[in-house]
Structure formats: C-alpha cells, structure tokens
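These notes are about the structure you will find just below.
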Amino acid sequence: SRFLFGLYGHSAKLLKSKLFRAAASNTSFPEIWLLLVQYFERIPGFFGVVKRNSFFTMPEILESKADPELFSPNPEVRGMTTLDRAAFSRIIVVPVLKVKKEVINKLMKSLRHTTLQRPGLKRVIDDPKDEDSRLVLLDPHKIAAEYSLGESDQEVLKQFNVDPQVSKYNLELTYDNFKTEEILRAVLPEGQDVTSGFSRIGHIAHLNLRDHQLTYKHLIGQVIIDKNPGITCAVNKINIIDSTYRNFQMEVLAGEANMITKTRENYITYEFDFSKVYWNSRLSTEHGRIIELLKPGDVLFDVFAGVGPFAIPAAKKKCNVFANDLNPESYKWLLHNCKLNKVDQKIKKFNMDGRDFLLGPVKEALTKELSLLTKERKHSLHIVMNLPALAIEFLDVFKHFLDGKPCSADHLPTVHCYSFSKHDHPAKDVQERAEAFLGTSLEGRCSTHLVRNVAPNKEMMCISFQIPAEVLYKNQFTNEENPEEPASKRLRPNEDSPEEKLPSLKDPL
Ligand SMILES: C[S@@+](CC[C@H](N)C(=O)[O-])C[C@H]1O[C@@H](n2cnc3c(N)ncnc32)[C@H](O)[C@@H]1O
C-alpha cells in the first residue's frame with residue numbers, strides 16, 4: 001500500500017505541474033480534461049474514473065473553446081522512427097447527442113455540418129445505456145461555445161423531438177483516425193515543415209523529402225502507403241536528375257519494391273519501369289496542351305519521346321508520328337505502350353541520339369512530307385523537343401537543314417522546344433538562347449509558354465516557332481532564279497514566299 005500511495009503521490013505532483021502549465025497557457029477545457037483522462041488512464045485500475053469510449057454527463061464547470069491540438073495523436077510519438085501504430089491512440093472528449101434510433105437517418109442529414117468527421121470514424125455509435133438510442137458524435141470545433149448546439153441545430157432537434165442536451169464522451173482516436181499531416185506533425189521535431197506531398201505513378205508514391213525529414217523517411221513512406229488506398233510502394237528521390245536518360249535515382253522507403261507500374265494520363269494508359277525511364281505526372285497538362293494543337297493528319301516528330309506521352313495521344317488523334325528516345329528502356333516501353341494503346345501502326349519508333357534522329361529519319365520524312373503539301377493538301381508538321389536541360393542546344397541542327405525550294409510559310413514545321421530558365425525574365429532568356437542556336441531572330445515569330453515552376457527561381461518553359469525559311473533551307477531561291485544574284489534581288493514579294501511575311505532579320509545567316 002506504501003508503494004501504491006507513493007505512486008499516487010508522485011502522479012499527483014506530475015499532474016499538478018501539467019495542469020499548472022495548461023492553466024498558465026490559458027488552455028481550453030478539452031485539453032485540461034484530456035490531461036486528466038490521459039493521466040488517470042495510465043494508472044491501472046484508478047477507481048475506474050475514466051473509461052475509453054465512455055459516455056457521461058458533467059456539469060459545465062469549465063469553458064469549452066476550440067482546441068487546435070484536439071485532434072493530435074498521443075504526444076509520446078514525437079521522434080518515433082519505426083512506425084508503431086498503437087502508440088498514436090489517444091482519448092479525447094467530444095460532445096455527443098442522444099437520439100432515438102428511428103430519427104437518426106433524417107437527423108444526420110441536417111446535422112452534417114456539426115457532426116465529427118474523422119478518417120475511419122463512425123459518427124453514430126451505440127448508446128451503452130439505452131439500446132433504443134444512438135449517440136451522434138459532434139465536432140467540438142463546430143458547435144457553439146459551452147458544449148451546446150447553435151440555434152439552427154436546436155431548431156432541427158425540436159422538429160424531430162430530440163432533447164438538445166449535449167453530453168460528453170471519451171472517444172479513443174486511433175492511428176486510423178488521424179490524417180497524414182497530423183501523424184507527421186506529431187512525429188517530426190516540433191516547428192519543422194512536415195509537407196508530405198508526393199507524385200503518384202500507379203501504385204508508387206514518389207516523394208522528394210527534405211534533409212530534416214530523412215531520419216523519418218521509412219515512417220513517412222509507410223504512413224503514405226497506409227493513408228492512400230492503392231499505393232503499395234513509397235520511393236524517395238535521392239538526387240536531382242543528372243543521368244543522360246533523365247530517370248531519377250531512387251530509394252524504396254516502404255512497401256513492395258516493384259517499380260513496374262501502370263498509370264493513366266489524359267485517358268491513356270502507360271506502363272513502364274519507373275526506376276529506369278523518365279516520367280513526370282506534373283507534365284500531363286503540357287502534354288494535353290500540345291496535343292490540342294494537333295489535327296488529324298498532322299505529323300509529329302517527337303525527338304525525346306520517353307515512353308510516349310506526346311506520341312501516343314497524337315497517334316490516337318490520327319496524326320502520323322515519329323517517336324525517338326536514346327534510352328533503350330524508354331524505347332522498350334514506348335514499343336509496349338504503342339501496342340497497349342493500339343497505335344502501333346501510326347507510330348514509327350527509333351532508338352537513337354536526338355541529333356541523329358533529326359538528321360536522319362526527320363530530315364527524310366520532312367522532305368517527303370513538304371513535297372506532298374499543296375494548297376489543297378494541308379497538314380501541319382510539328383517537332384517536339386522535351387529535354388529541357390539540353391534541347392535548345394539541338395536547334396542548330398535546323399540550320400540549312402533542307403535542300404530545294406523553300407515551302408510556303410504556312411507549311412514550315414513548328415518546333416516546340418523545352419528549356420529550363422533561372423533568369424528573371426525566363427521567356428526572354430529562352431528566346432535569346434534559341435535565337436543563338438538558330439542563328440536568327442525569332443522576334444515577333446515565336447511564343448513562349450510557362451510550363452511549370454520546377455524549383456524556386458527555376459522555370460520550365462516551352463518556346464514554339466515555325467522554323468524560319470532562311471534557317472531551314474540551304475537555298476533561299478527558287479530553281480528558276482539565278483543563284484549568282486544578290487539575295488535581296490532574288491527575294492521578290494510573292495504570295496508563297498515565307499520571307500515576305502517575316503519581319504526583317506536582326507542577324508541574318
Ligand atoms: C525529359 S524526358 C521527356 C520524356 C517525354 N517526352 C515526356 O514528356 O515525359 C527526356 C527524354 O529524352 C531522352 N534523351 C536524353 N538524351 C537524349 C538524346 N541525346 N537523344 C534522344 N533522347 C534523349 C531521355 O531518355 C528521356 O526519355
């Protein structure tokens with residue numbers, strides 16, 4: 001009995017200091033009550049004062065105010081690195097309303113703004129004291145002060161002949177009832193950012209954790225899996241993309257280490273090995289934007305095609321597609337996705353360096369296509385170059401790319417070239433760099449589009465332009481004209497002459 005008394009004395013001292021701190025910081029009623037509940041709960045058999053999920057009425061001795069910490073897990077989980085789900089449980093006090101079984105369904109609709117909504121938590125529970133009644137759990141943050149319902153709710157209760165008396169209920173919140181952010185905020189060091197955003201690629205959650213989160217990386221991965229149905233694997237990017245093939249180095253944080261995944265983008269299914277190819281779910285809008293520009297019969301040359309997010313939807317839209325990627329794994333999955341989406345016949349696939357692709361198959365196909373184009377037979381030719389770190393440097397390929405007579409301005413191929421920019425004026429920066437590689441001005445004849453913000457002060461841009469004829473063609477004159485004559489004389493205003501429609505060049509070739 002001395003031992004028990006000692007234990008009680010020690011407990012009382014601790015409790016006093018906790019209560020003092022709580023009172024000093026003007027803590028609201030539920031928190032003080034919670035301390036009592038948690039404290040006595042730890043003393044086995046403590047007069048049975050507090051039972052989990054127990055229902056009781058109490059005089060309104062203390063003021064009830066919204067407590068922002070009310071839905072936080074047990075504070076003892078702070079610093080946990082291996083997930084122990086049971087340790088998150090905590091008992092909180094919530095208001096409940098006793099309601100007859102018969103009216104519960106109708107009443108729930110009217111009270112939906114006031115009831116307690118937590119993940120995996122039933123809002124209506126059995127009344128342990130009355131089998132003809134149920135208890136409706138209310139959200140303490142959403143009801144009027146002092147544990148009473150607001151006027152409109154009271155009106156509703158009157159209609160259903162329900163006693164508006166609100167009682168208190170000891171509710172056990174478990175790991176399942178907390179949101180990801182609440183769990184991580186309770187575990188990670190106080191005051192640190194717990195952002196747990198991720199990209200979803202089929203069953204894979206792709207995280208990009210910050211340094212301070214790395215100690216908790218396995219726990220974070222497991223929480224993401226637990227809280228997101230369908231996700232069975234969490235990976236973390238371990239360096240910035242620097243490989244030739246633009247695939248991320250990654251580490252499996254939790255779950256199955258199966259990197260072969262299936263995902264959908266703009267209603268099209270893609271399958272690939274996420275650890276070996278490039279895929280970025282944040283580009284879906286951009287892929288869609290380019291596809292919108294295409295019409296059936298147009299030709300698309302995709303120089304850095306990846307597993308096909310431009311090529312396959314373009315083929316679905318009845319365009320003729322030439323798709324290339326240097327990465328043998330991307331090429332393999334590109335072939336697979338063409339079959340998967342039944343567009344194999346519409347896409348010619350290549351596995352070579354982008355420059356060789358442009359100088360070989362693209363040059364040959366462009367020459368042929370342009371010779372077929374007439375005023376009547378019009379379709380557009382598009383060249384997509386999505387390798388933002390390098391694509392601009394490939395633009396010099398187009399200098400004197402084609403032989404023969406320049407085509408009409410309308411038929412000149414359109415390039416959509418992607419680039420990162422860390423410049424204060426990214427559009428200007430990208431245009432200037434493109435101009436340098438093309439050796440001509442694009443002023444007034446290009447458009448730049450902000451694709452996305454990649455990092456603070458780093459934008460991904462897309463510059464689109466028709467390749468100026470004076471860049472694209474070796475010869476600026478028609479076959480009938482005398483090549484010995486100066487160019488200024490040779491270029492007569494002509495309906496079909498591209499130069500006529502273009503502003504004068506700052507920096508002619
Ligand atoms: C940024 S990803 C774009 C993939 C896809 N077009 C998309 O929008 O998601 C760039 C692709 O270019 C490929 N690549 C990198 N260097 C290349 C090169 N020199 N020639 C051809 N492809 C290259 C990579 O393997 C990667 O699949």
Side-chain angles (χ1 to χ4, degrees), residues 199-202 206 237 240-249 259 261 263-266 268-294 300-315 319 321-338 341 343 347-363 382-398 415-421 437 449 451-452 454-455 458-464:
S199 301
R200 183 175 183 160
I201 312 101
H206 183 213
K237 192 201 260 190
I240 50 162
I241 313 183
D242 58 1
S243 70
T244 311
Y245 302 142
R246 324 308 297 164
N247 53 319
F248 297 97
Q249 296 294 309
M259 290 293 119
T261 191
T263 189
R264 273 175 86 72
E265 180 181 281
N266 302 331
I268 292 175
T269 304
Y270 301 89
E271 197 170 12
F272 47 84
D273 183 334
F274 185 54
S275 64
K276 294 187 177 148
V277 304
Y278 177 90
W279 183 267
N280 189 339
S281 315
R282 296 197 176 98
L283 289 180
S284 64
T285 308
E286 181 58 16
H287 294 144
R289 185 182 74 89
I290 296 293
I291 300 306
E292 272 292 296
L293 304 174
L294 306 176
L300 176 75
F301 300 97
D302 190 352
V303 187
F304 309 105
V307 299
F310 286 117
I312 291 169
C319 297
V321 181
F322 292 70
N324 171 65
D325 202 283
L326 180 62
N327 179 356
E329 277 289 322
S330 293
Y331 177 71
K332 178 181 119 182
W333 290 105
L334 174 68
L335 301 187
H336 176 82
N337 289 320
C338 288
N341 289 287
V343 287
I347 306 185
K348 293 192 170 60
K349 285 86 66 188
F350 302 86
N351 177 208
M352 52 172 78
D353 177 71
R355 192 169 281 271
D356 297 336
F357 174 63
L358 287 164
L359 289 166
V362 177
K363 185 188 266 197
H382 293 264
I383 303 170
V384 171
M385 301 172 71
N386 183 15
L387 179 60
L390 281 178
I392 276 195
E393 295 175 24
F394 286 68
L395 291 179
D396 64 335
V397 170
F398 296 117
V415 169
H416 308 278
C417 182
Y418 292 84
S419 179
F420 295 126
S421 177
F437 280 96
H449 174 78
V451 178
R452 66 185 197 100
V454 180
K458 184 176 177 182
E459 317 295 343
M460 177 176 171
M461 307 294 294
C462 177
I463 181 165
S464 297

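When a ligand or atom number is given, it counts from 1 through the structure's own listing order. Position 1 is the first residue of the sequence, and the numbers go up from there.
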Which pair of non-hydrogen atoms, one from Met461 and one from Val451, has the smallest distance, and what is that distance? C-CG2, 3.9 Å
How about Phe394 and Phe304: are their ring centres within less than 6.0 Å of each other? yes
Once salt bridge (charged side-chain N to carboxylate O under 4.0 Å, His left out) is applied, what residue pairs with a partner in residues 385-396 remain, sequence neighbours excluded? Arg355-Asp396
Any side-chain to backbone donor/acceptor pair from Asn341 onto Thr269? Under 3.5 Å, distance only. yes
Atoms of ligand 1 under 4.0 Å from any heavy atom of Asn327, numbered from 1 in the order shown, are 25 (O)
Give the single entry among Leu326, Asn324, Asn351 that approaches atom 22 (N) of ligand 1 most closely by any heavy atom. Leu326
Of His287, Met460, Met352, which has the heavy atom at the shortest distance from atom 8 (O) of ligand 1? His287
Checking the N or O distance criterion of under 3.5 Å, is ligand 1 in contact with Gly354? yes
Below 3.5 Å, N or O to N or O, backbone or side chain included: is there any such pair between Tyr278 and ligand 1? no
Please confirm whether Arg355 approaches ligand 1 to less than 4.0 Å, judged on its heavy atoms. no
Which of the ligand 1 atoms, numbered from 1, are nearer than 4.0 Å to a heavy atom of Ser330: 27 (O)
Could you tell me whether Phe310 approaches ligand 1 through its side chain, its backbone, both or neither, with non-hydrogen atoms closer than 4.0 Å? side chain
Taking only residues two or more places apart in sequence or in another chain, which ones pass side chain to side chain contact (heavy atoms under 4.5 Å, CB included) with Thr285? none
Given the rule in the ring pair (Phe, Tyr, Trp, His ring centres under 6.0 Å) test, do Trp333 and Tyr270 qualify, once you have shown the distances and angles that lead to the verdict? CA-CA 8 Å; Trp333 290 105; Tyr270 301 89; over 10 Å; no
Looking only at heavy atoms, is any part of Phe304 under 4.0 Å from ligand 1, and if so is it the side chain, the backbone, or both, or is it neither? both
For Asp325, state whether at least one heavy atom is located under 4.0 Å from any atom of ligand 1. yes
In ligand 1, which numbered atoms sit nearer than 4.0 Å to a non-hydrogen atom of Asp353? 18 (C), 19 (N), 20 (N)
Where the closest heavy atom to atom 9 (O) of ligand 1 is concerned, which of Ala305, Gly306, Pro309, Ala391 has it? Pro309
State the NE2-CD1 distance between His416 and Ile383, to the nearest 0.5 angstrom. 9.0 Å
Asn386 side chain to Val303 backbone, donor-acceptor under 3.5 Å: no
In ligand 1, which numbered atoms sit nearer than 4.0 Å to a non-hydrogen atom of Asn386? 1 (C), 2 (S), 3 (C), 7 (C), 8 (O), 10 (C)
Less than 4.0 Å is my threshold; does some heavy atom of Glu286 fall inside it relative to ligand 1? no
Going by atom types alone, do Arg200 and His206 pair a side-chain donor with an acceptor below 3.5 Å? no
